[in-house]
Every structure is written in C-alpha cells, then in structure tokens.
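Each remark here refers to the structure printed beneath this line.
Side-chain atoms are counted along with the backbone in the values below, which use heavy atoms only and exclude waters and symmetry mates.
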Amino acid sequence: MSAVQPPSPRREPKTVTQLGRSRVDEYGWMKDENWQQVLRDPSVLREDVAAHLRAENAYADAVLKEIEPLRETLLREMIARIPPAEESVPVPDGPWAYYARYFEGAQHPVHARKPRTGGAEELLLDVDAEAKAHPYYALGGAAHTEDHRYYVYAEDVQGSEVYRIQVKDLASGRLCAPPVESTTGSFVVSPDSRWLFWIYRDDHGRPSRIYRRPLLGGEDVLVFDEPDAGFFLQLALSTSRRWIVIERGDHDTNETLLIPARAPDTPPRVAAPLVRGEKYSLAHWNDRFIVLTNTGGAVDFQLMWTPEDATGREHWQPFVPHMAGRYLLELSAGRDFLVWAERMDGNIVLRFVSRGVEGDVRAASAVIAMDEPAYDLTMLGVLEYDAPVLRYVYESPTTPAHWYDYDMASGERVLRKVREVPSGHDPQAYEVRRLFAPAADGETVPVTVLMRRGTVLDGAAPLLLYGYGSYGIPMDAGFSTSVFSLVDRGWVYAIAHIRGGSEKGWKWFLDGRGTKKVNSFTDFIASAGYLAETGYGAAGRIVAHGGSAGGLLMGAVANMAPDLFAGIVAQVPFVDMLNTMSDVTLPLTPPEWPEWGNPLEDEAAYDLIASYSPYDNVAARPYPPILAMGGLSDPRVTYWEPAKWIARLRAVASGGPFLCRINMEAGHGGSPGRFKRLEEVALVQAFAVWATARRRN
C-alpha cells in the first residue's frame, strides 16, 4: 500500500441540541452554506471544501494505485460484453415505429423513427452529440407529440437532476420554443399537441408546482401548487390518452387529480380525496378506472373498479381481492385487455383478463410466468391502446434479457430481441439459486446466489453481497453483464432481499422501515452469516456492497458487524442520517419523514435514528477497508455525507484504510454513458478483490 498519508481535515466541534438531546459534529463545515448554488454550478464550491475533496480523491487513487491494472482489465471485460452498436425494440405509434440506437462505440444513443410500412430512418435526437458539449449530460423524459411533428426532451447538464425541457421541430430539425428551466424532467404533452405540462423544481430541489404553457412558447399557467412540502408530484397521460393524471403523495399516502385530455385547460379535479395511510393509483379502461389500492387494510393491495365519471371511494367496487403474500405491483390497460403484475416470494408473474370478465377475475386470468428459481419479469405494458399486444422482458442472473410481444387475443408470443453478449456467454456455465436465510425473529430472508456451475461450497470462494432494503424497492434477480468478471474469477455473487424492500410483499417493506428499520440491518447480517455457514462464503471473505439508502445499510452493518466483512463499498451513502433528517432545507427531508421518522418533533424517532445513524455510531474498534463514493452535484445524498463519514472513521476507528472518492462532475447516478458508468463498477470490483486479498494476507 502507498505510504502517502490520508487527509486530516480540521475538526470544528459544534454541539447540536435537539429535543433536549445533544450531539457533537466536528465536520459540519464540509457542508457548503451555498449548497443549492453548488448543485446548479459546481464551480462555486467553497475552496476549502473543494481542496479537501481533491485531497480525498488523490489519497484514494494513491492507495488503490496497485489495483489499477486489474481495474483496467475488468473494465475491458465489461465493455466487451456490451454490443458496440445496438438498437432497442421499436415501439409502434400511429404510422411510425420509434426506437433508440447506439452507433458503434457511442456512450449515448440516438433517438429515431421509421415508417411502420418501411422506409428511411428519421433522426429525432442525437444524445451523444448533445453530451459531447458538456462534462455531464443525462436525458430525462423524451417523447414525440401526438401529431408526430415535435420531439420534447428534458436534459440535465450537471448531475443535479435540475432539468430543462426543449422542444424540437422535426421538420426543420431546430429547437422551436424557449426552454423550460428548473424542472424535474417530468412532463406531459396534451394529445392535441398544443400544451406542455411540467413540474417545477424549487430552490430546495423539491417538485412543488405544476405548470402548463403552449408547446411552442408562451405564458406559464399554474395548474397545481403543492401545499405539503413532504409530498412528491408526478405527471402522466393515461394509455387511453383520455386523461392527464397528477399524483401527489409520499411513501404512505397519495391522491390523484384528473384533467380531461380533450380539455387540457380544465382545472384538475380530485379523483378520491386523500386519506392518510392509504395509497391508490388509477388505470383508465374504457368507461371506467381500475384502482390499485391498499384501502381497507389490503396490505399487499387489491384491484377495484369505478365509473370514470364517479371516482370517489364510495363508488369503488371489488375487482381482484386482496391476497396476503401476493403483492400487486402495476397495471397496464388496452381497449380489450387489462394486465397486472403480481410478486410472490421474490418472483413476478403477469396476469391479464379480457373486457367483460365476470366472477373471480384472478381465476379467469391468464398467467405469464417463468420456471426458474429466481428471475425477473418487467412489464413494459400494452403497446397501443387499440391493439391486444403486451410487451415484457424476461431475464435471470444467468439468462440475458429477452424482449417478447404477446398477443393476448391469439396467445401468440413473438421474441423480438435477445440481449447480445459479444464476448460470449454460456448460461449453462453458471448456476443461480434462491436461498432463505433464517433471521433471529423467525423470518426467512430470500437470497439470490449466482456462481460458476460446480463451485465447491467450502467457504474458500470470496463473496460479494449486495443489499438495499428501503422504500419498498425490490432488488430483482436480473441479468448483469458486469458481475461475470467476478464470478468467472471464482467469486460468488449474492443479493440479500432484506426487509425494507418488497420482495415478499408490501408487509416486507413495512417490517423494514420506521420503527422496524433495524430489521433491514440484521437481515443483511443474518444473510451474510448464513452464506458463511453454508459454505457460499466465509467470515472475512465477504465484501458488502450497497448504494444510496443501501449505503445507509453499509454504514450500519459496518458499525454492527465489522468482523464479518473483508471490505465494504458504499456508493452515494446515506450515512449522515440524523443531521440530514433534521435539516428541512434539504430536498428530500420532509418527504422522507414517513420513511424514517421526524427527529425534529418526535423524541422516539430521534432516539431511534440516533441509535443506528452510521456517522453518529462510529466506534473505537477495528473496521474493514471501506470505500465511500459520492457525487458533488448529488441532490439526494449530498457529497458531505460520505466525506464526513470517512473523516470520522479515520479519527475514531482503527483498521481500514478508509477511502472517499467524490465524482466532481456527476450526481447521484454517477457518470453517465453506457461505457463511462462501468469505470465505477470496475473500481468497486477491483476494490473487492484487493480487500479480500489483504484480509487473506
């Protein structure tokens, strides 16, 4: 390891008193007081902070210099598994088929279309060309108008997720309207192609208002002003194209507002008034709405229906009743068929019924499922409202993605595309297993394992264990070309589907959030212990990996069970939790209180968060090597969280080394571009190899 000394940032102890409790923060100075401006223009970062971050990056580079050849090798392998040129499966709409295509070696695609009856390609947007003009470039929403004359897209040029919306005239190829600034990147164009609806992102980074303006420029008209700082806003157009849909809500509660698409200047009306603790979403299906909701104690959700002109709860009628353990995920409606997804024990099935079905709808439904122990089905939805074709994607840890079009009327299934692995991939060379790790309270935690077929389970193989466990977001068992670089080197790769996700239903989420959040951490530790006991890994041969709220998981398990891991990688880690949840100026703080608790007003919430917040629980004990990675313009997990955490680890703990790398030109998602993003993936894997080798030696 390099003899270079780690940065030793100054300590400015500041006592914070809150609800009669006090804590000391020595590194609060790393938060630039003008952080909102930094998100929009990283060059204004205070120089002492910038100098410290540069020093952290230089130290991490010096320590990891010896693994640079391995990182380069891994990166080449990962790039070799990606087709140099690639094209998405076209999506039909009217006379055109729309798709994205990568030129050979391009980081970003072009968006294009062709006539459905055949003809020359027409370029809509060259994302790669746009990206070359900026250090960072990411595309948000992109859509053509109903009349196929204009292309509307949202772009982020600094990684802060503050998007501007552009409108392009496809006949001339030129931008034809003033850009819409300070947006979330979400928008809807009315079906008459005249009006643009968009969500405003305020100075605190929150989606706070919805506006409407003429598509080609004009006055912005306020459509909806969100009164609750803890609510998110979403915009959508129903697949029937008859309703513009606004959703407002948080992790527990939501409310839907409707605007008739044929009269887009109509004020929005509430479909069903907000009820705290209840969630619902609407899919328009001919003369009715299908309601996906947890109303009435339906923890794993149920389907109900209601007339389109009478949408209040008093009109909702049963359609598909609640069944505990069968978590209903999402809907897609066409004129003659309705499709929904269900999750049970981690795997997904798709069900569909025809219009006019009566009686037991679930029993009458047709099922699309796969016969593998762990897999993922992604419902892309009904392609055109008046056609019976459903598109979905099937993949598993050993099976590359397969795109299918399924005719629900005839039962015909057409394979449209198989993800290509140019360097070669033999699914039979690998094995995937679904294990169930026992937790201390009697629950069983699903664990997906990928390994080379014939791997000897004697604990000799190093193991990379990934986890997330928050917001009800599942970590599906999909196909990742990058993990094979480790697996082909004899590693076992595993995903712990811990509480806080929804792999075993919505209750699985509820049992891993709020007052039960610690279950997420103990589930991950139990999964690692079980894998070690059963020979898939061994204590001290396991590297833990997580990002964002999964970075909180990494920080918590580092404090709770450091001896179990050879190394820990925490990407954009939510580790300064108590301070963040107490700072109402940050974008996500009020919306996050239902998830974690409000430590500004609730003593029990303060005490709970203080008991596991990684930054606040660093102890004077040995820790394994830790790599924390952040982004300077990240509005979700700000750069100072990993920087403060690593500084405190160095000051308090032993072991390590403790490394912090801040991407000075990116945000929460890291570097954009299909090849560029792999640089960070390769670094994670090279660090894992290095960490296990250090432990062994």
Side-chain angles (χ1 to χ4, degrees), residues 64 67-86 102 105-109 374-376 378 393 395-402 418-427 429-432 448-453 455 461-468 474-496 537 542-548 550-551 554 567-572 627 629 631 661 663 666 668-692:
L64 299 178
I67 66 170
E68 185 60 22
L70 174 61
R71 189 191 69 83
E72 289 288 347
T73 298
L74 295 171
L75 179 61
R76 287 194 297 271
E77 292 174 4
M78 294 174 189
I79 291 175
R81 298 189 191 100
I82 298 178
E86 190 174 15
Y102 285 93
Q107 294 277 4
H108 303 270
Y375 65 86
D376 183 29
T378 302
V393 181
E395 59 187 304
S396 78
T398 60
T399 307
H402 288 55
V418 177
R419 180 172 185 177
E420 180 188 357
V421 183
S423 60
H425 174 71
D426 178 10
Y430 306 93
E431 184 176 359
V432 61
T448 300
V449 172
L450 173 68
M451 58 190 178
R452 291 283 301 188
R453 193 173 296 279
T455 297
L463 168 70
L464 183 66
L465 179 62
Y466 183 83
Y468 185 75
M475 294 295 104
D476 289 311
F479 183 80
S480 170
T481 56
S482 61
V483 301
F484 292 104
S485 287
L486 282 184
V487 174
D488 285 345
R489 286 172 168 78
W491 281 65
V492 175
Y493 176 72
I495 303 170
I542 301 171
V543 175
H545 180 207
S548 194
M554 295 299 101
I568 294 175
V569 181
Q571 293 182 273
V572 289
L627 172 62
M629 304 165 69
R661 283 181 58 103
N663 190 327
H668 196 67
S671 299
R674 59 178 183 149
F675 302 126
K676 185 72 173 176
R677 69 171 185 83
L678 293 174
E679 294 178 4
E680 294 181 356
V681 179
L683 174 62
V684 169
Q685 293 190 9
F687 174 85
V689 173
W690 174 81
T692 54

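Cation-pi geometry between Arg674 and Tyr102 is met: under 6.0 angstrom from the ring centre, within 45 degrees of the axis.
Distance alone, capped at 3.5 Å, places no donor-acceptor pair between the Gln685 side chain and the Ser485 backbone.
Pro84 and Pro422 make their closest contact through CD-CG, 4.2 Å (heavy atoms, listed as atom of the first residue, atom of the second, distance). Of all non-hydrogen atoms in Ala461 and Gly490, the two that sit nearest each other are CB-O, 3.4 Å. Residues Pro462 and Thr692 share a closest heavy-atom pair of CB-CG2, 4.3 Å.
Under the salt bridge (charged side-chain N to carboxylate O under 4.0 Å, His left out) criterion, Arg71 pairs with Glu68, not counting sequence neighbours. Residues meeting the side chain to side chain contact (heavy atoms under 4.5 Å, CB included) test with Val483, sequence neighbours left out: Leu450, Ser480, Tyr493. With sequence neighbours left out, Val432 forms a side chain to side chain contact (heavy atoms under 4.5 Å, CB included) with Glu372, Pro373, Ala374, Pro397, Thr398, Thr448. With sequence neighbours left out, Glu72 forms a side chain to side chain donor-acceptor pair (under 3.5 Å) with no residue at all. The ring pair (Phe, Tyr, Trp, His ring centres under 6.0 Å) test applied to His402 returns no partner, not counting sequence neighbours.
Applying the salt bridge (Lys or Arg N to Asp or Glu O under 4.0 Å) definition to pairs two or more places apart or across chains, those involving residues 474-490 are Glu77-Arg489, Arg343-Asp476, Arg452-Asp488.
Using the six-membered ring where Trp is involved, His425 and Tyr430 have ring planes that are parallel, under 30° apart on the 30 and 60° scheme.
Look at Arg677 and Glu680 and you find no salt bridge, because none of the NZ, NE, NH1 or NH2 atoms lies under 4.0 Å from a carboxylate O.
Note that CG of Leu70 is 11.0 Å distant from CG of Leu64, once rounded to the nearest 0.5 Å. Between Ile495 atom CD1 and Met475 atom CE the span is 8.0 Å, to the nearest 0.5 Å. Expressed to the nearest 0.5 Å, how far CD1 of Ile79 lies from CG of Leu74 amounts to 11.0 Å.
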Given side chain to side chain contact (heavy atoms under 4.5 Å, CB included), test Asn663 with Met629 step by step and report yes or no. CA-CA 8 Å; Asn663 190 327; Met629 304 165 69; over 6 Å; no

After noting the C-alpha distance and the side-chain angles of Trp491 and Leu464, does the key distance pass the side chain to side chain contact (heavy atoms under 4.5 Å, CB included) rule? CA-CA 7 Å; Trp491 281 65; Leu464 183 66; 4.1 Å; yes

Verdict with supporting geometry, Trp690 and Leu627, side chain to side chain contact (heavy atoms under 4.5 Å, CB included): CA-CA 12 Å; Trp690 174 81; Leu627 172 62; over 6 Å; no

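Each of Tyr466, Phe687, Tyr468 was scored for a ring pair (Phe, Tyr, Trp, His ring centres under 6.0 Å) with His545, with one residue passing: Tyr466.
Using a 4.5 Å heavy-atom cutoff, the side chains of Ile67 and Val689 are not in contact. When side chains are defined from C-beta on, Glu679 counts as touching Leu75, because their heavy atoms get closer than 4.5 Å.
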